[in-house]
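Take a look at the structure below.
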Amino acid sequence: MVQELKKLLAAECQRQFDIDIEPQLEIPDRKFGDYATNLPLQVAAKTGKDPKAIAESLAKVLKKLPQISEVKVAGPGFINFFLSDKAILDSLEQGPLLHYKGQTVVVEYSDPNPFKVLHVGHLYTSVVGDAIAKILEAAGAKVARVNFGGDVGLHVAKTMWAVRQRLGGEYPEKLTKMAEKTGPDWLAEAYAEGNRAYEEDTKAKEQIRELNERIYTLHDEKDEDSNLAKIYWLTRKWSYKCFETFYGMIGTHFDRFYPESETAGLGLKVVRENIGKVFEESEGAIIFKGEVHNMHTRVFINSQNLPTYETKDIGLALKKWQDYHYDRSIIITGNDIYEYMQVVLKALEQIEPELAKKTVHITHGLVKATGGIKMSSRLGNIIRAEDVLSAADKANTKANKQQNSDVALGAVKYAFLKQRIGADIIFNPDESVSLQGNSGPYLQYAYVRAHSILKKSNNTTKPHPLAASLENEERSLARKISEYQEVVTKATDELMPHHICTYLYELAQTFNRFYETNRIIDDPRQPIRLKLVGAYSKVLKNGLELLNIPVLERM
RNA sequence: GCCCCGGUAGCUCAGUGGAUAGAGCAGGAGACUUCUAAGCUCAAGGCCGUAGGUUCGAAUCCUACCCGGGGUACCA
């Protein structure tokens, strides 16, 4: 309906004032109306005519429409109007617009590294990335969720070095006794050790660099039998197994994992082909000069002749294209690699301009946890993802006297998703779970209440004609429900799921107010009210599903 | 130095050109005891980092500066 009204206003501006303009309809403070537009001010700016006169003239047209009940001209040239009750009732239960229909979108997120710890930052991007993938799917896109991880590179060599120290040499048989469950933490500790040694001990640094080369070679030669290879493949398997378990736990999945070892070859080939065109040699390395593009220079192939992350990322971009022929490629990472990615994308633009044009890089902040979550110094002062989940579970159990991992998970997800993507996130498990207000459990509980009414009504009601008009509080609820489609569209256009959170919270609040003072079952207005509760619970459920927050029928 | 991100109520955040800047938490007051109270109502709380500028209109755009975080050649 919004679309129709916009179109009509645009046509009217064309007819009356001979200008081409795209009208914006805003949802203002409720007392002003259901919609407001500053169109007259925009028209006035272009034509030099009096905005109030323009407003009056456009208002006349709106007044004639059956879906509009009241139109007012206000302030310096706003038009405010109310929808008719019928128009509102007709627009309940509108699903998301399918404006991504027929498009393929690759969404890359989470990106944990094997051989390192799966930390709270990975949990965050997993939740946010999943929500973005979901809203794109709801808009009709075919979405591929992909995950990029460094199974080769300096950090792997650091871990391998410490593993070798711990085993007293390259003795894979000593590892087989270790349970897969404790393996990942053991590796993460080893990484922290290796990293320290790399920085503090020049001899260790030398050995780590040498190991780095050996690990690349191991891939090139498809070595599975040497002692180092046996250690490598076994520990690598631990990591990937741990990732799968984790994604299962938070209810997400990936269509494809791209280990760096699989993108390095293609990246190297393409970078080498473009030496002299895009890249150049400098101090024994192959670099991309960023300064001409107002960026900084980065090394793509180091002087050991090994690919850096940059080259593997170029390989990844090309692989994704080969695999999916996407219309859009979305990459979600921390903002610490913003400038890095700018350089990589600029280099990609020189090689494959079309791919760079289709790529969007979304960056988010750091998660800083408080409220009883401790950093692990053994892992290098890092908070593990599972520590956050278990802290939330504990806080919920304590606050509500019963354990429910769906509530705890919903609380964590909502706490992450409700904030606009970009700035750092301060996460407090106590607040997200045990406290009331704008939280995941509040929304889950709101759904439970609606569900319980609907369930009860199934047994008691007979079909009845609906009331033709709405009472005040019914109207507020109905109006809020009908905003859903616009909100989801906005979230999809901006790739910002937090808009949905804000909306769902306001919706639940509106419902709770209504519910507090109005009977539904055994009330003369039962039929219309049940219709509203039905539409409300549908929208709430749909919204929570877009965020991948568990929807419960009982709590 | 240069580049990027952030700075809104005691705390955590919405609001990114429109009307009197909104929520939650914490602290204060209250109603009702129900279709699930993890709820509802009311009051209190603001130099929107600072100073200029653009505009009919600025938390929002521009410029400079201050504070916090990040990046800046062989890490990811």
Side-chain angles (χ1 to χ4, degrees), chain A residues 26 28-29 31-32 36-38 41 44-45 51 74-78 80 111 113 116 149-150 153-158 195 198 212 260 282-288 290-291 294-304 306 308-310 312-313 333-340 342-343 363-366 370 396 399-400 407 415 418-420 422-428 431-439 441-446 448-457 460 498-499 501-502 505-506 508-509 511-523 529 533 554-555:
Chain A
E26 283 171 24
D29 193 307
K31 64 176 179 270
F32 291 123
T37 181
N38 62 354
L41 289 165
F78 296 105
N80 299 326
D111 294 352
N113 281 321
K116 283 177 81 173
L154 201 59
H155 68 278
V156 182
K158 287 172 181 173
N195 194 40
Y198 186 84
N212 192 17
E260 285 182 14
S282 170
E283 299 170 31
I286 305 301
I287 63 160
F288 178 79
E291 279 73 10
N294 210 13
M295 294 171 184
H296 61 260
T297 291
R298 296 203 69 98
V299 172
F300 278 66
I301 303 175
N302 71 17
S303 45
Q304 268 181 294
L306 296 177
T308 58
Y309 188 41
E310 287 79 340
K312 291 177 269 192
D313 238 329
T333 76
N335 53 24
D336 53 336
I337 64 166
Y338 173 80
E339 288 94 340
Y340 157 84
Q342 290 293 301
V343 176
T363 64
H364 59 76
L366 246 71
T370 58
N396 177 55
N400 304 307
V407 173
K418 75 175 176 180
Q419 276 183 60
R420 187 182 192 88
D424 288 351
I425 290 94
I426 314 287
F427 174 73
N428 185 326
E431 202 166 293
S432 77
V433 180
S434 69
L435 300 189
Q436 306 79 21
N438 190 359
S439 66
Y442 177 99
L443 295 180
Q444 288 173 319
Y445 182 66
V448 167
R449 293 175 108 178
H451 177 78
S452 129
I453 295 166
L454 293 172
K455 200 171 149 202
K456 192 172 170 188
S457 75
T460 61
H498 79 284
H499 290 304
C501 294
T502 307
Y505 179 62
E506 287 169 2
Q509 245 182 346
F511 173 76
N512 279 335
R513 277 175 200 142
F514 170 79
Y515 173 87
E516 202 71 24
T517 47
N518 296 281
R519 280 261 359 139
I520 292 149
I521 292 169
D522 297 334
D523 186 277
R529 289 182 178 175
V533 176
R554 282 211 313 225
M555 277 170 82

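Reminder, nothing fancy here: chain letters follow the sequence lines and each chain counts from 1. Not measured: the values here are computed from a predicted model.
- Taking atom C1' in both G46(B) and A9(B), the straight-line distance is 6 Å, to the nearest Å.
- Side-chain atoms of Ser282(A) and base atoms of A73(B) include a donor and an acceptor less than 3.5 Å apart.
- Atom-to-atom, NE2 of His498(A) to P of U16(B) comes out at 8 Å; the value is rounded to the nearest Å.
- A19(B) has Phe78(A) stacked on its base ring, the centres lying under 5.5 angstrom apart and the planes within 30 degrees of parallel.
- Checking C75(B), U34(B), A76(B) against the side-chain heavy atoms of Asn113(A) singles out A76(B) as nearest.
- Side-chain atoms of Asn113(A) come within 3.5 Å of backbone N or O of Gly150(A) as a donor-acceptor pair.
- Considering only side-chain atoms of Met555(A), the nucleotide from G70(B), A38(B), G15(B) that sits closest is A38(B).
- Contact annotation: Tyr198(A) side-chain N/O to A76(B) OP1/OP2 distance is not under 4.0 Å.
- Between the P atoms of U54(B) and G69(B), the separation comes to 35 Å (whole Å).
- Of all nucleotides listed (C5(B), U12(B), G15(B)), G15(B) comes nearest to the side chain of His499(A).
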Can you list the steps and then say if Ser303(A) with Glu283(A) is a side chain to side chain donor-acceptor pair (under 3.5 Å)?
CA-CA 8 Å; Ser303(A) 45; Glu283(A) 299 170 31; over 6 Å; no

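- Remark: side-chain polar atoms of Lys116(A) are not paired, donor with acceptor, to backbone N or O of His155(A) under 3.5 angstrom.
- When the nucleotides A14(B), A73(B), G18(B) are ranked by their closest atom to the side chain of Thr502(A), A14(B) comes out on top.
- Separating the C1' atom of C13(B) from that of C74(B) is a span of 41 Å, rounded to the nearest Å.
- At whole-Å resolution of the value, CG in Asp523(A) and P in U34(B) are 18 Å apart.
- For C65(B), the paired nucleotide is G49(B), the pair qualifying as Watson-Crick or G-U wobble because both relevant distances are below 3.5 Å.
- Using a 4.0 Å cut-off, no side-chain N or O of Arg449(A) falls inside it from OP1 or OP2 of G39(B).
- Across the protein-nucleic acid pair, Leu366(A) atom CG and C4(B) atom C1' stand 15 Å apart, rounded to whole Å.
- The interatomic distance linking Asn294(A) (CG) with C4(B) (C1') rounds to 12 Å, in whole Å.
- Note on Lys312(A): a side-chain N or O is less than 4.0 Å away from OP1 or OP2 of A76(B).
- Residue Tyr515(A) has a polar side-chain atom (N or O) positioned under 4.0 Å from OP1 or OP2 of A37(B).
- With a cut-off of 3.5 Å on both pairing distances, C35(B) has no Watson-Crick or G-U wobble partner at all.
- Here C35(B) is the nucleotide among A37(B), G18(B), C35(B) with the atom lying nearest to any side-chain atom of Lys456(A).
- Remark: Gln509(A) is in phosphate contact with G24(B), judged by side-chain N or O atoms under 4.0 Å from OP1 or OP2.
- The two residues Gln444(A) and Met555(A) have their closest heavy-atom pair at C-SD, 3.7 Å.
- Comparing G49(B) with G6(B), their P atoms sit 12 Å apart, to the nearest whole Å.
- Distance check on atom P: G22(B) versus C35(B) gives 36 Å, rounded to whole Å.
- Considering only side-chain atoms of Ile520(A), the nucleotide from G39(B), C35(B), C4(B) that sits closest is C35(B).
- Side-chain N/O atoms of Asp424(A) and base N/O atoms of G69(B) include no donor-acceptor pair closer than 3.5 Å.
- In a base pair of the Watson-Crick type (N1 to N3 plus N6-O4 or O6-N4) or a G-U wobble (N1-O2 and O6-N3), with each distance short of 3.5 Å, G1(B) is matched with U72(B).
- Using a 4.0 Å heavy-atom distance criterion, Ala44(A) is classed as making no nucleic acid contact.
- Of all heavy-atom pairs between Gly437(A) and Tyr442(A), the closest is O-CB, 3.1 Å.
- A gap of 31 Å separates the P atoms of G52(B) and A44(B), to the nearest Å.
- Nucleotides A76(B) and C67(B) are separated by 29 Å at their C1' atoms, to the nearest Å.
- Among the nucleotides G70(B), A19(B), G39(B), the one closest to any side-chain atom of Asn80(A) is A19(B).
- In a base pair of the Watson-Crick type (N1 to N3 plus N6-O4 or O6-N4) or a G-U wobble (N1-O2 and O6-N3), with each distance short of 3.5 Å, U12(B) is matched with A23(B).
- You won't find any donor-acceptor pair under 3.5 Å spanning the side chain of Asn438(A) and the base of A23(B), going by distance alone.
- Here Arg298(A) does not reach the OP1 or OP2 of C74(B): none of its side-chain N or O atoms lies under 4.0 Å away.
- Here Phe32(A) packs flat against the base of A19(B); its ring centre is closer than 5.5 angstrom to the base's six-membered ring, tilted by less than 30 degrees.
- At a threshold of 4.0 angstrom between heavy atoms, the contacts of Tyr309(A) include nucleobase atoms, whether or not backbone atoms are also involved.
- Remark: the separation of the C1' atoms in C40(B) and U34(B) is 12 Å, to the nearest Å.
- Atom pair Tyr445(A):OH and G39(B):P shows a separation of 8 Å (rounding to whole Å applied).
- Judged by atom type and distance alone, Glu26(A) does not reach the base of G18(B) through any side-chain donor-acceptor pair under 3.5 Å.
- When ring centroids are compared, Phe32(A) and Phe78(A) stay outside the 6.0 Å threshold.
- One can place CD of Gln419(A) at 10 Å from C1' of A14(B), the figure rounded to the nearest angstrom.
- In this structure, of A73(B), C40(B), A76(B), it is A76(B) that holds the atom nearest to the side chain of Ile337(A).
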